[in-house]
Chemist: 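My structure is below; once you've seen it, I'll send some questions.
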Amino acid sequence: MEIKIVKTANPKEKPEEDSLIFGVEFTDYMFEMDYTEGIGWHDAVIKPYGPIEIMPSAMVLHYAQEVFEGLKAYKTPAGEIQLFRPDENFKRMNRSNARMCIPQIDENFLLEALKALVKMDESWIPKSPGTSLYIRPFVFATDPFIGVRVSKRYKFMIIMSPVGSYYKGGMVPSRIYVESEFARTVRGGTGEAKCGGNYAGGLAAQQKVHEMGFEQILWLDGEKRQYIEEVGTSNVFFLIDGVFVTPSLEGTILNGITRKSVIELLKHWGETVEERRITIDELYQAYQQGKITEAFATGTAAVIAPIGTLGWKDVEMTFNDGKIGEYSQKIYDTLYDVQTGNKEDPLNWIVKL
């Protein structure tokens, strides 16, 4: 499919790199294409960032048939543009599409479209330490119909935003609380799909733990409230008795690309990783026995987020004296250096433009 290019007549003024806030500023251009049943995907275009027009009856507004992704572009010291495992994002998007009954999209075409868009907005990629260009691909149902069925029309888009360092004041371990009232998802639900409803459904629990003095939630399974699943919108790892333990993918946990990368990197270093179900009771017992060396969450935004304290009922578990663990720092430094071209890519993750 040919991609039409529409140039902007009014390039925007770029924000100062030292004042970037996540998800506030957007680049000059965006990518857009439509799907119509019987025709397929069509009318691919890169055009100036701006409002889109949909009908008030667009099905996404009523039944939330949509999915999204998140990844980043980086500038190397030599001025090259790098993407971190974008193929994995588009594979996951199609898995989410399948779960939400959205038509599959050619992953090779999506990568070419993304490359073209990033090149158009190359000057928006910040260069300061810790900064990057955040990329948000998403697709949603546009059929003007308020009956409950699979939509016959969709719109796929990519928008981009320059973002500052996640750790402006340095990496600080967070305070997490184990959620036992609300559930993020259940088996057979949409937990493995990256769709907006999963995130909206977690806001009530998020507000509750903030009022308790914690920054984020550790989710337990929706059925028995026993098995550890995710931390907020991130995957989670515990270093227990020298073994890295992370919840196995059971259909309720997002298959994180940073999670996958951390597992591959740890194994590359010769470390032992177990992907398995782990209960909160087992975790507490290991804590009481002094076996937990450190804990951290993984995701696109923060890469690695060390966990200093985990609150559960009336107990607070503190890991590594509330300080950043050796591996948390080492994994963060390695991944970030690979992403930004400051270190050799040992596992062939980087896509250069």
Side-chain angles (χ1 to χ4, degrees), residues 69-96 107-108 110-112 114-115 118 125 127 129-137 163 165-167 171 192 194 230-231 233-240 242-249 253-276 293-306 324-353:
E69 272 297 330
L71 65 156
K72 291 179 177 178
Y74 305 84
K75 269 279 180 72
T76 71
E80 294 181 300
I81 304 171
Q82 296 195 156
L83 300 170
F84 184 71
R85 311 194 79 174
D87 53 320
E88 292 292 339
N89 286 95
F90 292 134
K91 287 177 185 176
R92 185 172 66 182
M93 173 166 259
N94 267 333
R95 292 196 298 270
S96 297
E107 293 161 18
N108 292 326
L110 290 182
L111 182 55
E112 293 308 309
L114 174 58
K115 288 180 178 179
V118 172
I125 306 174
K127 305 179 184 66
T131 62
S132 58
L133 184 67
Y134 185 81
I135 301 165
R136 170 54 57 89
V163 296
S165 172
Y166 190 88
Y167 299 109
M171 189 186 290
E192 195 174 28
K194 197 167 178 67
E230 296 187 12
V231 166
T233 59
S234 303
N235 298 116
V236 65
F237 286 76
F238 300 95
L239 181 52
I240 305 174
V243 176
F244 290 88
V245 179
T246 189
S248 52
L249 303 176
I253 298 173
L254 186 69
N255 188 353
I257 292 155
T258 308
R259 173 190 183 274
K260 181 176 183 178
S261 302
V262 168
I263 291 171
E264 292 173 2
L265 185 62
L266 287 170
K267 289 182 177 179
H268 177 71
W269 289 341
E271 302 292 340
T272 302
V273 182
E274 291 183 357
E275 297 179 70
R276 64 175 176 84
T293 311
E294 57 184 290
F296 55 87
T298 65
T300 300
V303 184
I304 300 296
I324 300 168
E326 173 191 353
Y327 279 96
S328 298
Q329 189 70 61
K330 182 181 179 182
I331 294 166
Y332 175 84
D333 291 342
T334 301
L335 287 178
Y336 182 73
D337 283 346
V338 168
Q339 290 167 339
T340 55
N342 287 298
K343 183 172 285 188
E344 184 180 348
D345 172 16
L347 295 169
N348 198 31
W349 288 332
I350 295 299
V351 173
K352 294 181 181 290
L353 271 65

Chemist: Between Glu294 and Ser328, do the side chains contain a donor N or O and an acceptor N or O under 3.5 Å apart?
Modeler: yes
Chemist: So, taking the atom named CG in Leu335 and the one named CG in Asp345, what distance separates them when rounded to the nearest 0.5 Å?
Modeler: 10.5 Å
Chemist: Applying side chain to side chain contact (heavy atoms under 4.5 Å, CB included), run through Ile263 and Thr246 and close with a yes or a no.
Modeler: CA-CA 9 Å; Ile263 291 171; Thr246 189; 4.2 Å; yes
Chemist: I'd like to know if Glu275 and Lys260 make a salt bridge, using a cut-off of under 4.0 Å between side-chain N and carboxylate O.
Modeler: no
Chemist: For Gly70 and Tyr134, which heavy atoms make the closest approach, and how far apart are they?
Modeler: CA-OH, 3.2 Å
Chemist: Just so I know, are the side chains of Lys75 and Glu80 near enough to count as touching, which here means a heavy-atom distance under 4.5 Å?
Modeler: no
Chemist: According to side-chain contact (heavy atoms from CB on, under 4.5 Å), who are the partners of Glu192, at least two apart in sequence or on a separate chain?
Modeler: none
Chemist: How close do Gly341 and Gln82 get, counting heavy atoms only, and between which atoms?
Modeler: N-NE2, 3.4 Å
Chemist: With side chains defined as the heavy atoms from C-beta onward, is the minimum distance between Tyr74 and Ile125 less than 4.5 Å?
Modeler: no
Chemist: If you take all heavy atoms of Ser234 and Gly299, which pair is closest and at what distance?
Modeler: OG-CA, 4.4 Å
Chemist: Show, in sequence, the C-alpha distance, side-chain angles and deciding distance for Val262 and Thr258, and conclude whether the side chain to side chain contact (heavy atoms under 4.5 Å, CB included) test is met.
Modeler: CA-CA 6 Å; Val262 168; Thr258 308; 4.3 Å; yes
Chemist: When Glu69 is tested against each of Arg136, Lys194, Arg92 for side-chain hydrogen bond (donor to acceptor under 3.5 Å, both in side chains), which residue passes?
Modeler: Arg92
Chemist: Got a second to check how far Glu344's CD is from Thr334's OG1, nearest 0.5 Å?
Modeler: 12.5 Å
Chemist: I'd like to know whether Leu83 forms a side chain to side chain contact (heavy atoms under 4.5 Å, CB included) with Leu353, so could you lay out the CA-CA distance, the side-chain angles of the two residues, the decisive distance to 0.1 Å, and finally the verdict.
Modeler: CA-CA 8 Å; Leu83 300 170; Leu353 271 65; 3.6 Å; yes
Chemist: Can you run down the salt bridge (charged side-chain N to carboxylate O under 4.0 Å, His left out) pairs that involve residues 326-336, sequence neighbours left out, and say none if there aren't any?
Modeler: none
Chemist: Does Arg85 form a side chain to side chain contact (heavy atoms under 4.5 Å, CB included) with Ile350? I'd like the steps, not just the answer.
Modeler: CA-CA 6 Å; Arg85 311 194 79 174; Ile350 295 299; over 6 Å; no
Chemist: So, do Leu114 and Ile135 sit near enough that their side-chain heavy atoms are less than 4.5 Å apart?
Modeler: yes
Chemist: Are Leu71 and Pro137 close enough that some pair of their side-chain heavy atoms sits under 4.5 Å apart?
Modeler: yes
Chemist: Looking at every heavy atom in both Ala73 and Val118, which two are closest together, and how far apart are they?
Modeler: CB-CG1, 4.4 Å
Chemist: Side chains of Ile253 and Asn235: does their closest heavy-atom pair fall under 4.5 Å?
Modeler: yes
Chemist: Between Phe244 and Tyr327 (judged by ring centroids, cut-off 6.0 Å), do the two rings come close enough to count as a pair?
Modeler: yes
Chemist: Under 4.5 Å between any side-chain heavy atoms of Ile257 and Asn89, yes or no?
Modeler: yes
Chemist: Going by heavy atoms in the side chains, are Phe237 and Leu239 under 4.5 Å from each other?
Modeler: no
Chemist: Measure the OH-OG distance between Tyr336 and Ser132 for me, rounded to the nearest 0.5 Å.
Modeler: 7.0 Å
Chemist: Any side-chain donor-acceptor pair under 3.5 Å between Gln339 and Trp349?
Modeler: no
Chemist: How long is the straight-line distance from OG1 of Thr298 back to CD of Glu230, given to the nearest 0.5 Å?
Modeler: 9.0 Å
Chemist: Looking at Lys127 and Pro77, would you say the former's side chain and the latter's main chain have a donor-acceptor pair under 3.5 Å?
Modeler: no
Chemist: Could you tell me if the side chain of Leu254 sits less than 4.5 Å from the side chain of Arg259, heavy atoms only?
Modeler: no
Chemist: Enter the distance from Glu264:CD to Trp269:CH2 here, rounded to the nearest 0.5 Å.
Modeler: 13.0 Å
Chemist: Specify the closest pair of heavy atoms between Ala302 and Tyr332, including all atoms of both residues, with the distance to one decimal.
Modeler: O-CE1, 3.6 Å
